[in-house]
Structure formats: C-alpha cells, structure tokens
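Values below: every heavy atom of this structure, side chains too, minus hydrogens, waters and symmetry copies.
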Amino acid sequence: MKFTESFIISLIQEHYNLEVSCKILNGYDELNFLLTDSSDKKYIFKIATEEHNPYFLEAQVKMIKVLSNSILSEKFQHYIPTKNNQDIGQITLKETQFYFRMLSYLEGNFWINQKEKSSSLSKNLGLFLGEMDVVLKDFKHPAANRYYEWDIKNALEARKNLHYIKSHENRRLVTYFLLQFETEVTPNIADLRTAVIHNDANDYNILVDGDRIIGLIDFGDMVHTSLVNNLAIACSYAMLNSEKPLEVATQIVRGYHEKMALTPLEVSLLYYLIAGRLCISLCQSAFNYSMDSTNEHHFITEKPALKLLHQLIRINPLKAHNEFRIACGFSSIINTSDNHETILKERKQYIGNNLSISYNKKVKIDKGALQYLYDDQGNTFLDCVNNVSHVGHCHPTVVKAMQKQVATLNTNTRYLNDNIVEYAKRLTATLPKELTVCYFTNSGSEANDLAIRMSRHFTKQKDVIVLDHAYHGTSTTAIEMSPYKFDGKGGFGKMPYIHKAQNPDIYRGEFKYGVNNAGEKYAKDMDRIIESLEIQSKKPAAFICETLLGVGGQIALPPNYLKEVYAKVRKAGGVCIADEVQVGFGRVGTKFWGFELQDVIPDIVVLGKPIGNGHPLAAVITTQEIADAFDNGMEYFNTFGGNPVSMATGLAVLKVIEEEELQKNALEVGNYLLERLEALKPKHNIIGDVRGNGLFVGVELVKDRMTLQPAVPEIDQIVEMMKDRGFFISTDGPLYNVLKIKPPIIFSRENAADFVDNLDAVLASF
C-alpha cells in the first residue's frame with residue numbers, strides 16, 4: 001500500500017493530536033517521513049509492515065530507552081508516545097497490519113556529507129561507540145537473538161549471491177575475502193564476546209558536526225552477536241571514500257578501546273571482520289540488481305565498498321593488525337629490527353646452500369593474496385613475476401577444490417578414480433586433436449625427463465637438440481639438456497648426445513629486427529646439427545624448445561621458426577617437444593598455448609608450473625602412436641602423479657581460466673603493459689628492447705644501444721629498488737640483463753599501470 005503525505009498528516013492528528021506537515025523520506029527497510037509541527041519542531045515517523053515482527057520493534061524501543069536514560073541521552077532519538085501512551089501504534093488497512101512509531105529529530109550532518117573528516121572525528125566516533133556499548137553491555141532482549149544476513153558472523157552466507165557479481169575481478173576479490181573470513185574468523189567466533197549491538201553505524205546513520213559526533217539513528221539492524229562487530233561495521237563505513245582507510249580505522253579503534261577495552265583476539269580479527277561486512281554489502285547489492293530493484297539505498301555504497309575492498313587487499317593484514325594493537329596500547333607484533341638472522345642461520349644449517357634466495361635484503365613472505373604477497377614486516381608486494389601462481393595466490397576456487405578433495409581421498413593411481421579421467425579429458429580438449437594421451441607427474445622437470453624418455457623409446461635414438469641458453473629443469477636428464485645449467489658455473493659441460501641450436505634472438509642474435517624471414521634463417525641452423533648426426537649414422541630423438549624462451553631471454557620466437565624446425569626434425573626422424581611449462585594456459589593471450597602462436601602441432605607437450613597454480617602437478621601429453629610405443633612392457637607408475645587432489649586442483653585451475661576469461665585478460669592487460677613499457681623507451685636509454693606476448697614480457701636493459709652492452713649491475717639495482725617500492729620482478733637471459741615480467745594472469749590494468757609508473761621513476765635515476 002502507498003502512504004500519501006495527506007494520509008500521514010491525518011494519521012498523526014488522530015493518534016498524536018499534532019498538526020504537522022509531512023515529507024516522504026527514502027528508506028532501506030521501513031517507510032520514513034519527516035514531520036514538522038507549527039513551531040518548526042521536527043519528528044521522524046516510521047511505518048513498518050506486518051512483515052516486521054512487533055516483538056522486534058519492541059526490542060528496538062527498549063534498547064533506545066536504555067540509551068535515552070544514560071549519559072548519552074542527547075545523542076539518541078526519543079520515542080513520542082501516542083495519545084494512548086503507546087510507543088508503537090497499530091492500524092489495519094485492507095486486512096494488513098501496520099505498526100507506526102514517532103521519534104524525536106536529531107540535527108546534524110550525516111557522516112557521508114561531512115566534507116572534512118579529521119582524525120579527531122574518527123577517534124570521537126570510536127569513543128562514542130565504545131561508550132554506547134558500555135551502556136548496552138547488560139542489555140538483553142529475546143527478539144535480538146535472531147538470524148540476520150547483515151550480521152557479520154553470517155558473512156559466509158553471502159556466498160549464495162556471489163554469482164550475481166558480474167565482474168570477474170570483483171567476484172574473485174569478494175570470494176577471496178570470504179575464504180579468508182572462513183579461515184581466520186569462523187574458527188574463533190565462539191571465543192568472541194557477545195552483546196546486543198546496533199549493528200549498522202554506517203555513514204548514513206551517524207550524525208556529526210565538525211569533529212563532534214551528534215548521534216546515531218536507526219536501530220532496525222540490532223542483533224545479538226559478537227561485540228566487536230559493532231566496531232567493525234563502523235570502521236568499514238567510515239573508511240569508505242578515504243585515501244588512507246587504515247588510518248581512519250586505527251583512530252576509531254583507539255577511541256573505542258578507551259571506553260570499551262578490546263581483547264587481543266578481537267583486535268586480531270578486525271581486518272577480516274571489516275572485509276566480511278563489505279562482502280555482505282557487495283553480494284547483497286549484486287542480488288538486488290538481479291531483482292531489478294529501484295531502491296537507491298540498495299546500491300548506495302556499492303562503488304565505494306568495491307574501492308575499499310581493493311584498497312584492503314593492498315594492506316598487509318599483519319600491518320592492519322599491528323596498527324590496531326598499537327592503537328590499543330598493546331605491544332607490536334612486528335619486529336622491525338629483525339634481519340632474519342635466525343632463519344637464515346638455520347636455513348644454512350639444514351638446507352642446501354645452493355638453494356638461492358632472492359634479493360640482497362631478504363624478504364620473508366608469510367601470506368599470498370591473489371596478485372599480492374605479504375611479508376612479516378607488514379609490507380605488501382605486487383607479484384609481477386610469480387608465474388607459478390597462474391590464477392593468483394590462494395585463489396579461492398582452487399583452494400576450495402583442494403580442501404574438499406584432500407578431505408575426501410588422496411591416494412596413488414592404482415585405483416579407479418573419476419578425477420584423473422575427467423582432468424585428462426578436460427586438458428586434452430584444449431589441445432589439438434592429435435594430442436590425446438596424458439601422463440601426470442609432479443614437476444616440469446620430471447615431465448621433461450619423461451618426455452625425453454618417451455622420445456627415445458619411440459625413435460630408438462638418444463641424441464637431443466636444444467636451443468642454446470635453454471633451461472628445462474633440475475633432474476639429471478633435464479640438466480643435461482639445459483645449456484643454462486651445464487654451460488654455467490658448476491656445470492659439467494655438454495654431453496655428446498646433446499646438441500645446441502642457435503638461439504633465435506632477433507634483438508641480439510645474428511638475424512635482428514627487420515630482417516626478412518628471420519625465423520626461417522634461424523631454423524637453418526638445424527640443418528647443421530642434423531647433418532652432423534647423419535655423418536655419425538645417427539638421427540635426432542627429439543627437438544625440445546620452450547614456445548617462448550624464458551631463461552633464454554624472455555624471447556618471443558620469430559614467425560615460422562618452429563614450423564620450419566619441426567619439419568626438419570621430423571624429416572630426420574625425430575619428434576618435436578613443446579615445453580609449455582612457463583608459457584601455457586592462456587598466458588600468451590591470443591592463444592591458449594604458446595606453440596599455437598607458431599601454427600604448429602607438437603608430438604609431445606610438456607606442462608608444469610601454472611597447471612596446478614603452485615600445487616606440485618605437471619603433465620606430458622602426446623599422440624596415441626608415441627604412447628603405444630612407450631607401452632613396451634615396462635610399467636609407468638608415479639606414486640603421486642595423477643593423485644586425486646592434484647587432479648581436482650588441475651580441474652579447478654582450468655575452470656577458473658575459463659569462467660574468469662583469463663586468457664582474454666592476459667591479452668588485454670598484456671597489450672596495455674607492452675604499450676606502456678614501449679612508451680618508456682624514448683625516455684630511458686637503458687631500455688634496449690621490450691618484447692613478449694600477453695603476460696609473458698621481457699625488458700632487456702643495456703648500457704649502450706649500439707654495442708648492446710648489458711646493463712649489469714644496474715639491472716640488479718633496479719630490481720632491488722622496485723622491491724623497495726613494493727614490486728617483485730627478477731632478471732633473466734643469458735647475460736642476466738632482462739627484466740622478467742610474468743605475473744599471475746589475473747594481473748589488472750591498474751596493476752600494470754602502477755608497475756610501469758614505478759619502473760619509470762626508478763629508471764629516471766639511471
């Protein structure tokens with residue numbers, strides 16, 4: 001039923017003996033009206049439908065009366081009784097029951113409209129909320145013991161509406177924070193103090209004047225829940241539209257703790273509780289959109305809430321926890337003087353010393369969050385290099401799939417299990433029809449080893465052709481075919497059955513940019529090797545090559561290179577192996593696999609790193625003909641390769657890539673990144689070349705663009721400086737002068753812009 005202003009005026013006259021004017025106000029739940037009497041005194045009139053439990057309305061009345069009779073009396077509305085001395089009136093219209101209430105009016109600006117929000121205002125909000133919760137600490141009412149979707153402790157219920165969030169990036173972010181809520185908060189809820197709280201100190205319910213808190217309105221969300229949720233909700237809304245949200249929250253915490261002392265556990269969970277409230281709000285907004293709601297209050301905080309959630313993931317939870325602790329007078333949990341002497345000493349004692357650690361000043365990483373990493377000092381780093389975490393650190397879809405399967409079954413592959421067959425079907429569906437048989441392993445090194453073994457079984461030959469400077473893993477066989485290793489420090493040199501082909505580098509090699517048919521010209525070097533084998537009455541067993549060269553210098557192969565090489569190798573009797581360990585699964589953008597950029601079909605494809613998003617999983621996929629030859633009577637068994645958990649993980653990664661359109665993201669963000677990096681070349685002479693496909697990018701640094709002298713040690717200084725600015729990159733290439741940029745493929749355009757802007761600033765000093 002629609003209530004007109006004239007009807008409300010007559011209703012007030014009848015039940016309150018007041019002559020008023022009336023103005024309809026917008027509202028989220030109940031109907032609200034602003035009344036003004038003949039002396040300009042204002043009131044708020046509220047009408048609730050029969051859907052509202054009158055017992056709960058009574059609880060609100062009693063709660064407000066407790067506050068109205070406290071030292072905080074002036075900061076809350078007072079109930080105006082009807083002429084029959086009732087706080088809640090009733091009317092029946094068209095067989096529908098309605099409940100109405102009249103309250104006094106509080107003057108002041110809503111928090112949302114306050115232009116200048118000082119730190120004093122934030123602290124005063126905390127003081128006010130703390131004092132309010134002290135007054136209400138003994139308040140009880142059975143109607144407050146209800147299930148409520150806006151109660152933060154029920155944040156995980158918001159998952160049912162996740163699919164209504166259309167943006168892949170935003171849905172992923174919300175899902176991530178809900179996973180963290182499940183991990184960090186849920187196990188501790190039973191240990192938190194409880195109380196009946198206001199539960200909605202949002203920026204439209206808090207009234208201010210300058211630095212003063214005038215009052216708090218609307219008790220329609222009151223609920224019995226964790227006490228700290230009242231603080232978390234206030235923080236989440238006060239932080240909206242702030243460029244320094246953590247500072248705002250810290251001041252609120254400081255003020256709150258002065259009046260209502262927080263426990264260490266409450267402080268430790270506050271970051272995740274704030275995020276939980278934002279997740280509820282965003283999921284509810286998305287659901288309301290799906291229902292074609294026209295109520296502006298359903299969407300009023302959506303954009304700032306999304307912005308804040310993006311800000312939150314850039315804040316190391318440890319930093320937030322520590323700032324909140326210090327605000328409460330607790331000791332710091334960050335040892336800023338710790339240079340990791342203990343762990344470095346123990347690592348040296350118990351771990352092989354040739355297991356390297358990145359950066360001069362070592363970094364101890366404690367947590368991953370999609371494209372971000374958090375260290376033990378409260379710092380956040382944008383991960384621009386960790387291509388292992390292909391779809392992001394702790395991607396919730398992958399994590400949940402692993403959790404579910406490991407809680408169900410994990411064993412070897414001697415038993416029938418649906419996962420291994422389903423994953424093989426899904427994986428081969430992404431490949432050319434010729435590649436149909438899968439073998440699962442635990443690492444790319446192991447997979448490359450197996451691929452070579454299979455090629456030797458098939459061809460009855462041993463010799464393998466590789467590219468100069470290539471790297472294919474850490475097993476004995478893989479190192480034997482990795483010039484990066486056997487030609488390097490501590491290497492044992494080239495085995496007689498390994499043959500190095502010319503690196504098709506069109507920046508530094510024999511055939512450079514602008515040379516016609518460079519790919520075909522580099523491919524001719526294969527003739528030299530094949531002919532030398534023929535002289536010895538030998539043939540190649542295999543040619544193995546990354547489809548974009550990683551350690552070789554982050555090099556995109558020139559057009560037609562693999563097409564020419566594959567034809568030569570096959571004609572000589574060898575098989576062609578595509579090493580997609582660092583390249584595959586949509587990273588290159590225009591194609592799902594790197595070999596597709598060269599318009600070729602390998603005989604064997606090797607997969608690793610991104611296949612399990614950091615879980616130890618790899619694969620060899622080949623033709624039926626090669627698989628049949630390998631099935632020679634000797635059993636192939638791998639204890640862990642193909643186990644149910646690994647298969648569930650692989651399926652989840654494929655699902656994420658498809659559902660979140662991450663190949664498209666890699667293309668769009670990668671093109672933008674390459675464009676921005678190219679734009680730096682005229683500004684910085686140290687940049688010799690920018691190259692790559694999608695989010696497989698290399699920037700070669702030189703001291704002189706004519707001589708191509710590598711910019712070493714300058715590149716190492718640049719990497720360290722970028723780390724100090726919060727960006728992880730590393731070096732690669734035969735001369736160690738190429739910036740390696742291979743982030744998780746959820747990398748956003750904003751991430752790319754931040755990275756390039758900071759690289760620009762760093763390069764300005766060289």
Side-chain angles (χ1 to χ4, degrees), residues 1-54 56-58 60-61 64 76-84 86-114 150 198-209 214-222 237 281 284-285 287-289 291-303:
M1 177 176 176
K2 185 174 182 179
F3 289 87
T4 64
E5 293 172 342
S6 60
F7 178 83
I8 296 300
I9 289 172
S10 63
L11 188 66
I12 297 302
Q13 170 63 41
E14 178 183 354
H15 290 277
Y16 292 90
N17 288 331
L18 280 175
E19 299 289 340
V20 296
S21 60
C22 176
K23 178 182 178 183
I24 299 174
L25 300 176
N26 290 329
Y28 181 79
D29 190 22
E30 298 178 82
L31 302 174
N32 296 279
F33 305 88
L34 175 63
L35 309 178
T36 307
D37 67 14
S38 57
S39 61
D40 282 338
K41 188 174 182 179
K42 296 177 181 177
Y43 306 89
I44 295 294
F45 189 64
K46 302 172 78 70
I47 296 180
T49 67
E50 61 183 358
E51 295 174 357
H52 292 76
N53 185 342
F56 181 69
L57 297 178
E58 177 194 288
Q60 293 182 51
V61 172
I64 292 178
F76 295 94
Q77 295 169 287
H78 296 245
Y79 277 94
I80 311 299
T82 66
K83 65 183 182 181
N84 295 327
Q86 298 294 316
D87 294 313
I88 303 174
Q90 300 180 39
I91 54 172
T92 302
L93 300 171
K94 296 182 179 179
E95 299 183 351
T96 300
Q97 191 76 22
F98 294 93
Y99 306 95
F100 58 83
R101 293 160 288 157
M102 184 187 290
L103 297 98
S104 60
Y105 183 84
L106 287 179
E107 295 285 352
N109 296 318
F110 289 118
W111 181 284
I112 187 71
N113 296 325
Q114 183 77 6
W150 287 93
H198 177 276
N199 200 52
D200 197 22
N202 70 49
D203 43 357
Y204 284 89
N205 285 340
I206 299 168
L207 295 165
V208 303
D209 181 14
I214 298 299
L216 178 65
I217 63 173
D218 193 353
F219 282 71
D221 281 32
M222 64 175 287
Y237 288 102
S281 178
Q284 191 61 45
S285 291
F287 171 74
N288 290 334
Y289 268 121
M291 302 299 290
D292 297 321
S293 171
T294 58
N295 188 333
E296 64 179 24
H297 282 263
H298 287 165
F299 317 108
I300 204 161
T301 62
E302 182 183 29
K303 288 184 179 179

Indicate the ring-plane relationship of F45 and F100, choosing parallel, tilted or perpendicular according to the 30° and 60° boundaries. tilted

State, with a plain yes or no, whether a side-chain heavy atom of [X] is found less than 4.5 Å away from one of [Y].
{"X": "I217", "Y": "L207", "answer": "yes"}
{"X": "L34", "Y": "I44", "answer": "yes"}
{"X": "M102", "Y": "H15", "answer": "no"}
{"X": "N199", "Y": "M222", "answer": "no"}
{"X": "F33", "Y": "L11", "answer": "no"}
{"X": "I47", "Y": "I91", "answer": "no"}

Do [X] side-chain atoms and [Y] backbone N/O form a donor-acceptor pair below 3.5 Å?
{"X": "H52", "Y": "F98", "result": "no"}
{"X": "N288", "Y": "Q284", "result": "yes"}
{"X": "S104", "Y": "H78", "result": "yes"}
{"X": "N202", "Y": "Y204", "result": "yes"}
{"X": "D200", "Y": "D218", "result": "no"}
{"X": "K83", "Y": "E14", "result": "yes"}

For [X], give me all partners under salt bridge (Lys or Arg N to Asp or Glu O under 4.0 Å), at least two apart in sequence or on another chain.
{"X": "D203", "answer": "none"}
{"X": "E5", "answer": "none"}
{"X": "D37", "answer": "none"}

Check against side chain to side chain contact (heavy atoms under 4.5 Å, CB included), K42 and E107: CA-CA 9 Å; K42 296 177 181 177; E107 295 285 352; 4.2 Å; yes

From CA spacing to verdict: side chain to side chain contact (heavy atoms under 4.5 Å, CB included), F3, L93: CA-CA 11 Å; F3 289 87; L93 300 171; 3.7 Å; yes

To the nearest 0.5 Å, how far apart are [atom1] in [X] and [atom2] in [Y]?
{"X": "Q77", "Y": "R101", "atom1": "CD", "atom2": "CZ", "answer": "10.0 Å"}
{"X": "K23", "Y": "I8", "atom1": "NZ", "atom2": "CD1", "answer": "15.5 Å"}
{"X": "D87", "Y": "I80", "atom1": "CG", "atom2": "CD1", "answer": "9.5 Å"}
{"X": "T82", "Y": "I12", "atom1": "OG1", "atom2": "CD1", "answer": "10.5 Å"}

Go through the steps for E30 and L57 under the test side chain to side chain contact (heavy atoms under 4.5 Å, CB included), then give the verdict. CA-CA 11 Å; E30 298 178 82; L57 297 178; 4.3 Å; yes

Which pair of heavy atoms, one from [X] and one from [Y], lies closest together, and at what distance?
{"X": "C22", "Y": "I9", "result": "CB-CG1, 3.8 Å"}
{"X": "F56", "Y": "G220", "result": "CE2-O, 3.5 Å"}
{"X": "T301", "Y": "S281", "result": "OG1-OG, 3.3 Å"}

Quick check on side-chain contact (heavy atoms from CB on, under 4.5 Å): which of Y43, F76, Y79 does L103 satisfy it with?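 The residue from Y43, F76, Y79 that satisfies side-chain contact (heavy atoms from CB on, under 4.5 Å) with L103 turns out to be Y79.
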
